[in-house]
A.B. asks: 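After the structure tokens below, expect a handful of questions from me.
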Amino acid sequence: MACTAVVLCAMGLLGGTATAAYADDPKNPSADTGRAAGAAADADARRLDDVRKKIDALYRKAEQATDAYNAAKEQVEIQQKEIVKLARSIDTTQRRLATLKRQAGALASAQYRGGGLPAEAKLMLNVDPEGFLDNATLARKGQLAAKRMISQLSHLEGDLEDYSDSATERWEKLEANRKKKESARRDIKKKIDEAKKLESRLAAKEKDRLKKLEDEQAFKQQQKWLDSGVLKDISNKASALGKKAISYATAQIGKDYVWGAEGPDTFDCSGLTLRAWQAGDRTIPRTSQEQWRQLPRVALKDMRPGDLIIYFSDASHVGMYLGDGAIVHAPRPGRQVTITGAGSMPILGVVRPDGDR
């Protein structure tokens, strides 16, 4: 935690004045040449900023698709387990049905061997009073056993039908989610490939300038957030579990972002927060959208280190708050897990995985 402010200061995300990338010198005697060069530089800067915006938009769409991919993947895994469970229930029920049918068959055979006469007829034909009573008791027991057997057969057949219907329904949902997952995967690849293609057209110097433009944009948004005075109201300390989660997350700094990755070598944004909070003895949802939907929410002024900040109106990005106005997060493809300003992206809200602590 002690190095957070140092890192952010070095990145220019804790305050100060942004340096202009291009500036005109009003005392330049070569007016025409200077104006022409300045116009060219402005045009070049605008072109590069347009490229930055296009790349950023593509990666944002890829991140949205990544959340859809992760959600579908999670549902596929859940449904696969449910189908296996149902299959075991069906197998057990079929075995019990087979056993009861064998018993029913044995009962029918016994009745056949006895001449096929109903128990009531045998009672009427028996002239021995003691034999009559014995037969009456046996008949009642036999009738009860037969009724129980019929009832069990009926229930088991109903259960088997229900299990089969449920398994069919689960299988249909599984196939639908597999299709969603594959569609999201194709969408992610398409967007990332488009973004990489745009970047590949840039010369090495332009790539450096592009990174600088990204940093400047993040700085401006962070500065605006800080200027609102938001940090004046945020002074809470991390919980014991939060410290564990922070320790894990910050230990991943420098590792590559890979969509759908949950570690240990690569991460996407929610994969990082998932694993970090597992290290903090908490199991949280896989995707940033589900983290936003399911975890306890806290007001921004009550935020403490270890809390998760959810970004963008669709909850498609997440980072872990470190304190001092900073987060650790996995930004996007082509970038690594890093520390940046908590206000460098539009904040949707804050959630607390250990909300009971």
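If you're wondering where the values come from, they're calculated on a predicted model, not measured in any experiment. The analysis underlying the following values was restricted to heavy atoms, covering all of them including side chains, and did not include hydrogens, waters or symmetry mates.
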A.B. asks: Give me the atom names and distance for the closest heavy-atom approach of S288 to S316.
C.D. replies: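 It is OG-C, 3.4 Å.
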
A.B. asks: Distance check, rounded to the nearest 0.5 Å: Q221 atom CD versus L226 atom CG?
C.D. replies: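 If I round to the nearest 0.5 Å, the distance is 12.0 Å.
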
A.B. asks: Quick one: closest heavy-atom pair of C269 and A330, and the distance?
C.D. replies: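 Closest approach of C269 to A330: CB-O, 3.6 Å.
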
A.B. asks: Under 4.5 Å between side-chain heavy atoms, counting indirect links through other Ile/Leu/Val/Met/Phe/Trp/Tyr residues: same cluster for V328 and V258 or not?
C.D. replies: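 No, it is not one cluster - the side chains of V328 and V258 are not joined through contacts under 4.5 Å.
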
A.B. asks: Is it true that R297 and D307 make a salt bridge, defined as a side-chain N closer than 4.0 Å to a carboxylate O?
C.D. replies: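 D307 and R297: not salt-bridged.
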
A.B. asks: How long is the span from the CG atom in L274 to the CD atom in Q291, to the nearest 0.5 Å?
C.D. replies: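 Answer for the CG-CD pair, L274 versus Q291, is 7.0 Å.
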
A.B. asks: For W259, which residues count as a ring-ring contact (aromatic ring centres under 6.0 Å, His included) partner, sequence neighbours excluded?
C.D. replies: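 Only Y69 meet the ring-ring contact (aromatic ring centres under 6.0 Å, His included) criterion with W259.
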
A.B. asks: Roughly how far, to the nearest 0.5 Å, is the CZ atom of F312 from the CD1 atom of I347?
C.D. replies: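 Answer for the CD1-CZ pair, I347 versus F312, is 10.5 Å.
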
A.B. asks: Which pairs, with at least one residue in residues 259-280 and sequence neighbours excluded, count as a salt bridge (charged side-chain N to carboxylate O under 4.0 Å, His left out)?
C.D. replies: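 Matches after skipping sequence neighbours: E262-R275, E262-R286, D268-R286.
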
A.B. asks: Hey, could you give me each pair passing salt bridge (charged side-chain N to carboxylate O under 4.0 Å, His left out) that has a residue in residues 237-255? Not counting sequence neighbours.
C.D. replies: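 Listed by first then second residue: K244-D281.
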
A.B. asks: Please give me the minimum heavy-atom distance between A238 and P305, naming the atom from each residue.
C.D. replies: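 Answer, listing the atom of A238 first, then P305: CB-O, 3.5 Å.
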
A.B. asks: Could you go step by step and tell me if L231 and W225 meet the side chain to side chain contact (heavy atoms under 4.5 Å, CB included) rule?
C.D. replies: CA-CA 9 Å; L231 287 186; W225 186 67; 4.2 Å; yes

A.B. asks: Can you sort out the partners of R293 under side-chain hydrogen bond (donor to acceptor under 3.5 Å, both in side chains), two or more places apart, ordered by chain and number?
C.D. replies: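 With sequence neighbours excluded, R293 shows a side-chain hydrogen bond (donor to acceptor under 3.5 Å, both in side chains) to E290, given in chain and number order.
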
A.B. asks: List the steps and the verdict of side chain to side chain contact (heavy atoms under 4.5 Å, CB included) for R332 and E214.
C.D. replies: CA-CA 12 Å; R332 66 166 177 81; E214 289 178 354; 2.9 Å; yes

A.B. asks: So how far is it from D314 CG to I310 CD1, rounded to the nearest 0.5 Å?
C.D. replies: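 Interatomic distance, D314 CG to I310 CD1, rounded to 0.5 Å: 11.0 Å.
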
A.B. asks: Dump the intermediate steps for side chain to side chain contact (heavy atoms under 4.5 Å, CB included) on H329 and T338, then the final yes or no.
C.D. replies: CA-CA 6 Å; H329 74 144; T338 188; 4.0 Å; yes

A.B. asks: Please name all residues satisfying salt bridge (charged side-chain N to carboxylate O under 4.0 Å, His left out) with D193, sequence neighbours left out, ordered by chain then number.
C.D. replies: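 Only K189 meet the salt bridge (charged side-chain N to carboxylate O under 4.0 Å, His left out) criterion with D193.
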
A.B. asks: Any donor and acceptor pair, going by atom type alone, linking the side chain of T266 with main-chain N or O of G263 inside 3.5 Å?
C.D. replies: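 No: the side chain of T266 does not pair with the backbone of G263.
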
A.B. asks: What heavy-atom pair brings V230 and I234 nearest, and what distance separates the two atoms?
C.D. replies: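 Smallest interatomic distance, heavy atoms only, reads O-CG1, 3.5 Å.
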
A.B. asks: Going by salt bridge (charged side-chain N to carboxylate O under 4.0 Å, His left out), name the residues that satisfy it together with D302, two or more places apart in sequence or in a different chain.
C.D. replies: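 With neighbours one apart ignored, the set is empty.
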
A.B. asks: How long is the span from the CG atom in L295 to the CH2 atom in W277, to the nearest 0.5 Å?
C.D. replies: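 It comes to 9.5 Å.
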
A.B. asks: Indicate yes or no for a side-chain donor-acceptor contact from D354 to the backbone of L241 under 3.5 Å, with no hydrogens or angles considered.
C.D. replies: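 No; zero donor-acceptor contacts below 3.5 Å.
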
A.B. asks: Could you walk me through whether Y321 and L308 satisfy the side chain to side chain contact (heavy atoms under 4.5 Å, CB included) test, starting with their C-alpha distance in whole Å, then the side-chain angles of each, then the deciding distance to 0.1 Å, before giving a yes or no?
C.D. replies: CA-CA 6 Å; Y321 187 59; L308 304 182; over 6 Å; no

A.B. asks: Hey, does I327 have a side-chain heavy atom less than 4.5 Å from the side chain of M320?
C.D. replies: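 Side chain of M320 against side chain of I327, heavy atoms only: no contact under 4.5 Å found.
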
A.B. asks: Could you tell me which non-hydrogen atom of P333 sits nearest to which non-hydrogen atom of Y257, and how far apart they are?
C.D. replies: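 Scanning both residues completely, I find the closest heavy atoms to be N-CD2, 3.3 Å.
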
A.B. asks: According to the interplanar angle, ranging from 0 to 90°, do the rings of Y311 and H317 count as parallel (below 30°), tilted (30 to 60°) or perpendicular (above 60°)?
C.D. replies: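 The rings of Y311 and H317 sit tilted, inter-plane angle from 30° to 60°.
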
A.B. asks: Look up atom NZ in K220 and atom CG in D215, then write down how far apart they are to the nearest 0.5 Å.
C.D. replies: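 Here the interatomic distance stands at 12.0 Å.
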
A.B. asks: Within the structure provided, determine whether V351 and P296 are in side-chain contact (heavy-atom separation under 4.5 Å).
C.D. replies: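 Result no, sub-4.5 Å side-chain heavy-atom pair not found.
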
A.B. asks: Give a yes or no on whether the backbone of A326 and the side-chain of D324 come within a donor-acceptor separation of less than 3.5 Å.
C.D. replies: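 No, because the side chain of D324 does not come within donor-acceptor range (under 3.5 Å) of the backbone of A326.
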
A.B. asks: Output yes when a side-chain donor or acceptor of Q222 lies under 3.5 Å from a complementary backbone atom of G343, and no otherwise.
C.D. replies: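 Indeed, once roles are kept as given, a pair shorter than 3.5 Å links the two residues.
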
A.B. asks: List the atom of S344, the atom of G341, and the distance in Å for their closest heavy-atom pair.
C.D. replies: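 The pair with the smallest heavy-atom distance is OG-O, 2.7 Å.
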
